[in-house]
Structures are given as C-alpha cells and as structure tokens.
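Structure first, commentary second.
As the structure lists them, so they are numbered: ligands from 1, and atoms in each ligand from 1. Everything numeric in this text was worked out from a predicted model, so none of it was measured.
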Amino acid sequence: MAKTKTSFFCQNCGAQYAKWMGQCKSCYEWNTIVEEVIQKEEKRNWKQTTSIKKANKALAINEISLDKEDRISTKNNELNRVLGGGLVKGSMLLLGGEPGIGKSTLLLQIALTMPKKVLYVSGEESQSQIKMRAERIQKNNTSCLILTETNTQNIFRAIEEVTPEVIVIDSIQTLYTDYIDASPGSISQIRETTAELIKFAKETATPVLLIGHITKDGNIAGPKILEHMVDVVLQFEGDRNHTYRILRANKNRFGSTSELGIYEMQSIGLREVDNPSEILISQKEDDLSGTAIAATLEGVRPLMIEVQALVSTAVYGTPQRSATGYDLKRLNMLLAVLEKRAGFRLGAKDVFLNIAGGIKVDDPAIDLAVISAILSSNEDEAIPQDFCFAAEIGLAGEIRPVNRVEQRILEAEKLGFHKIFISKFNKISKPNYTIKIVKVTKVEDIFANLFT
Ligand code: TYD
Ligand code: MG
C-alpha cells in the first residue's frame, strides 16, 4: 500500500506547506494551518471511461462564434437580472450565505421551475427531506432529478446516465473525491472537487450551481481560491428575523455586480419581489418623527428606502451610536458634520439608526435621508410622508450630487411622492416633472427647509 501522504494547508487562504507553523506566510493569519491527508494519483479526470478531451486550437477573436443560445434563462427574473440575463453555458456559480437563510430553498425552487433537465445533488438532506421541501414550495417538475450523493466520481457516473442540462450541488463542503484522502470540507477536498466540477462544466458546457457555506466572519468557507476558480459568486443575505432576502453578485465574469435580487421568504418558499420600493417603506397612518425616505439605486433599479432614527439624551457618559443596515463609521461622520458645520449639539445624545426591512445599503445617496431622519427625531417634528431625499453629504457639510438622479426622481414620482430633495449641482435635463424638486447646497438648508 502506498504511504499516506500529508500536507499542511492554511484554512484561510489555502496556501500549502510541507510542515506545520504557527503563522501562515502568505496571509499572515495565526493558527490556521492544519494537516490534511492527500494521496495523489496520476490519472485524474472526471470521466475515466473515455477521454473526450482534445487539444484546443488558438483562434482569432473574429473567428470565435458566439452561440445565440449561450444563456439559459432560469425562469426566475430576480436571479436572471443578478446574473445579467441567465445562466451562461459551462459556467460555475457559487452561492454563499448564512445557515438557514434559504440557499437550498432558492436553488431547489429554481431547479423545479426551470424548463430544463436539472440534476439536484444534495449531500445535506435525504431525498424525502427534499421532497418535503418541494411540497412546501408547491412545485412538481418531472424534469428535475434528485440525487443524494457526496462522492464526485459517483456524481459523474449519475451525470453520464441522466445527461442533465443544469447541475445543482448542495453543498461543496460535503463533496469528496476518491483521489484525496482528506475529509470532506477540508481545503484540499474543496479545491479538488471544485476543480473536477469546473473541468466537467467547461468540457460539457453544462452550468453548475454550487452552494457554499460561509464562516462566522461572512466569507465563503474554504480557500479564497474557490472564489477565484468559479465564474460567479452570489451572496444570499438578509436579516433572519425579517422575511426579505437579498441576492447580490460579489463577482460576475459575465455581467455587472451592481444588480440586486429581492425575495420574500414565505411559508410556501421564496417569492420574487418585483416592486421593492413598496415593501421597504413601512406602513403607518400618522406622520412620525425620525423617519425619512431615501431614493436609492441598486444597480439600475431604483429603491425607495425608509431610514429611521432615534435621538435621545444620553444616560451614560459616552453617548451610544448604533446603526442597523448602515455603516456606523459613516453615521459617526455625519454626526460630526452636523455638530461642526451646523451647530447641532448631538454630542450628548444617543443616536440609533435603522434601515427598514432589514436590508443593507451602500448607496451614498442615502446620506441626506439619514441626516434628515436624525434632525427630525432631534426636533421631534415629523417629515411629511410624501417627501424623499437623494444626495450625498461631504465632510464640509455640502450636499453633493448623485448619479442617475433622474431615474430616482422618476421612481419617486411614480410612487406618488410630492417633493424630492437633491443637490443643487445635479443637472436635470427634463424640466417638467410633476414632483416638486428642491435643490439644496448645505446641511443648514435642509434644516431650514424642513423645520422652520
Ligand atoms: P434553507 O433553504 O434550508 O437554508 P440554507 O440552505 O441556506 O441553510 O432554508 C431554511 C429556512 O427557510 C428555514 O428556517 C425555514 C424557511 N422556509 C420558509 O420559511 N418557507 C419555505 O417554504 C421553506 C422551504 C423554508
Ligand atoms: Mg441548505
């Protein structure tokens, strides 16, 4: 019997070492190097029986033909948009997200609605558990086959048998290949099984959708190379206590990464949310102080988001600042701007900020709504519900223009808002909007406009 061969891998970055050491030389993390058993063999091909591989020929760019049918529509508009129009043939997609967020539900739902032959491979649940889930989401599709298997060689055997057009793998951390002795989920197994799947995907032009677990700090478990190897990395996120889920592309070789898909987790699976603005604004009857609505953009899609602030006198020495769905550092910066440039004494107050719906935004155009909400709570004076805001705040207290302001104005108009506050420096080419556009230059202006 061959001698067992072991090697040391950094669990953070995937670097390989001949011996153990305390700190990884490549990513400088401590205590991440773990010994793993590897046993390499010469012949490693996803298809052992026949060799279909032939050497590729170099072609000039105009000689390469582009198939019209290069993208496979998933019948799920939100996912299609995030991907940039559907699944690209032969591409490898990695879907990451916290446990219980709905990764398996999303991909099973897609597998069951796609008008293609899909092989759904699960290493986490049994066939009957998947059936139970499918019953819950009330989808019944005979062209979707369910396989419970964790060995890649067996998976490839099943693939040869059923010849699926799309493959879903739940999850990459449960797979193992015979060619390596390390346990499933270890760095070397993840790397090898992904490599085998990529080779298969590219050679047969079959899209492969992988589910990946994430670590406690939010990264996809396994080496960073996993993210380099695949074509698309999607992140499924959301607050577990809220029903809304957001699908974001962190990397996309075939489209933009600024698009966003919104879903709502219901008792019958995930519902696509086509008009997100309506759900992100909380329903209320009376005007309440401390709320302001921002006209933001995610990708090319406008989103009206409600910002809620609570300002109260600090009980303890150091005032508290807390932000949910918004960058705390940016909140502190905005408070400093208010303090310094506009003379609002917020230093002795607690400030809490919350973005409604449990979503996280990073569009800087939300800044103006944030300070308006803070001022409104501080003054205890409500901002009328039909006002909205779209501008960035600079360190000097200046109100800065944002991109594609007309798209935001149009969305606000469409949803029945009567007034939108934007920067004076934003150019508007079409003058005849029914919504009233208020142009402001400084933080003081906004105070004067709203509360005096
Ligand atoms: P799941 O897809 O198993 O999450 P992951 O694969 O990311 O770990 O999602 C599980 C959660 O989703 C669970 O808490 C129950 C909830 N859920 C619903 O609310 N409605 C449904 O129809 C389904 C199938 C799940
Ligand atoms: Mg799962």
Side-chain angles (χ1 to χ4, degrees), residues 74-79 82-83 92-114 118-141 144-150 152 155 166-176 184-185 189-190 193-194 197 208-222 226-227 230 232-250 260-274 276 279 357-360:
T74 60
K75 277 274 162 99
N76 189 297
N77 292 332
E78 300 293 302
L79 179 67
V82 174
L83 292 175
M92 189 91 167
L93 180 150
L94 178 64
L95 174 70
E98 304 225 335
I101 206 78
K103 303 178 294 297
S104 308
T105 310
L106 178 68
L107 289 193
L108 180 66
Q109 205 169 321
I110 284 158
L112 289 173
T113 41
M114 246 167 117
V118 186
L119 180 66
Y120 185 99
V121 184
S122 180
E124 306 214 324
E125 284 147 288
S126 69
Q127 277 164 322
S128 52
Q129 280 172 322
I130 297 168
K131 167 91 181 165
M132 267 158 59
R133 192 192 291 262
E135 271 183 357
R136 228 177 132 178
I137 57 185
Q138 294 168 354
K139 296 267 165 28
N140 203 356
N141 184 344
C144 175
L145 301 168
I146 310 290
L147 174 71
T148 46
E149 182 57 68
T150 51
T152 51
I155 292 173
V166 177
I167 294 163
V168 177
I169 306 242
D170 186 4
S171 63
I172 186 68
Q173 278 85 5
T174 58
L175 293 193
Y176 73 96
Q189 279 295 4
I190 291 177
T193 48
T194 313
L197 287 166
V208 177
L209 287 76
L210 292 179
I211 289 180
H213 295 167
I214 64 171
T215 57
K216 62 177 186 301
D217 38 347
N219 299 316
I220 289 173
L226 181 60
E227 284 173 58
V230 299
V232 181
V233 179
L234 299 183
Q235 182 89 22
F236 205 36
E237 55 187 44
D239 197 327
R240 285 247 247 139
N241 303 322
H242 284 82
T243 54
Y244 298 113
R245 301 280 183 270
I246 302 217
L247 188 67
R248 249 182 235 282
N250 287 347
L260 194 122
I262 303 186
Y263 294 91
E264 186 184 359
M265 181 61 95
Q266 296 183 330
S267 57
I268 50 158
L270 290 157
R271 179 183 73 92
E272 293 174 55
V273 177
D274 322 310
I279 56 143
I359 75 159
K360 199 173 174 330

Using a 3.5 Å distance criterion without hydrogens, assess whether the side chain of [X] forms a donor-acceptor pair with backbone atoms of [Y].
X	Y	result
Gln127	Ile146	yes
Arg245	Ile101	yes
Lys103	Glu98	yes

Around [atom], find the nearest protein heavy atom and jot down its residue, atom name and distance.
atom	answer
atom 25 (C) of ligand 1	Arg136 NH1, 3.7 Å
atom 14 (O) of ligand 1	Gly100 O, 4.1 Å
atom 2 (O) of ligand 1	Thr105 OG1, 2.6 Å
atom 20 (N) of ligand 1	Gln266 O, 2.6 Å
atom 4 (O) of ligand 1	Gly102 N, 3.1 Å
atom 6 (O) of ligand 1	Ser104 OG, 2.6 Å

Distance check, rounded to the nearest 0.5 Å: [X] atom [atom1] versus [Y] atom [atom2]?
X	Y	atom1	atom2	result
Ile169	Ile155	CD1	CD1	4.5 Å
Cys144	Ile110	SG	CD1	11.5 Å
Leu226	Ile190	CG	CD1	6.5 Å
Lys360	Ile246	NZ	CD1	10.5 Å

- [ ] Take Glu272 and Tyr263 through the test side-chain contact (heavy atoms from CB on, under 4.5 Å) and record every step on the way to the result.
- [x] CA-CA 5 Å; Glu272 293 174 55; Tyr263 294 91; 3.8 Å; yes
Those atoms of ligand 1 less than 4.0 Å from some heavy atom in [X]:
X	value
Ile268	22 (O)
Gly269	20 (N), 21 (C), 22 (O)
Ser267	20 (N), 21 (C), 22 (O)
Glu98	7 (O)

Open item on the list: To check you understand the geometry: which heavy-atom pair defines the closest contact between Ser267 and Arg136, and what is its length?
Closed with: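 Scanning both residues completely, I find the closest heavy atoms to be O-NE, 3.4 Å.
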TODO: With atom 3 (O) of ligand 1 as the reference point, say which of Lys103, Arg133, Met265 has the nearest heavy atom.
DONE: Arg133
Task: N, O or S from Ser104 under 2.8 Å to the Mg ion (ligand 2) - done: yes
TODO: Indicate, as side chain, backbone, both or neither, the part of Pro99 found under 4.0 angstrom from ligand 1 when only non-hydrogen atoms are considered.
DONE: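 For Pro99, only backbone atoms sit under 4.0 Å from ligand 1.
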- [ ] Check Ile211 against ligand 1 and report side chain, backbone, both or neither, counting heavy atoms closer than 4.0 Å.
- [x]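 Neither part.
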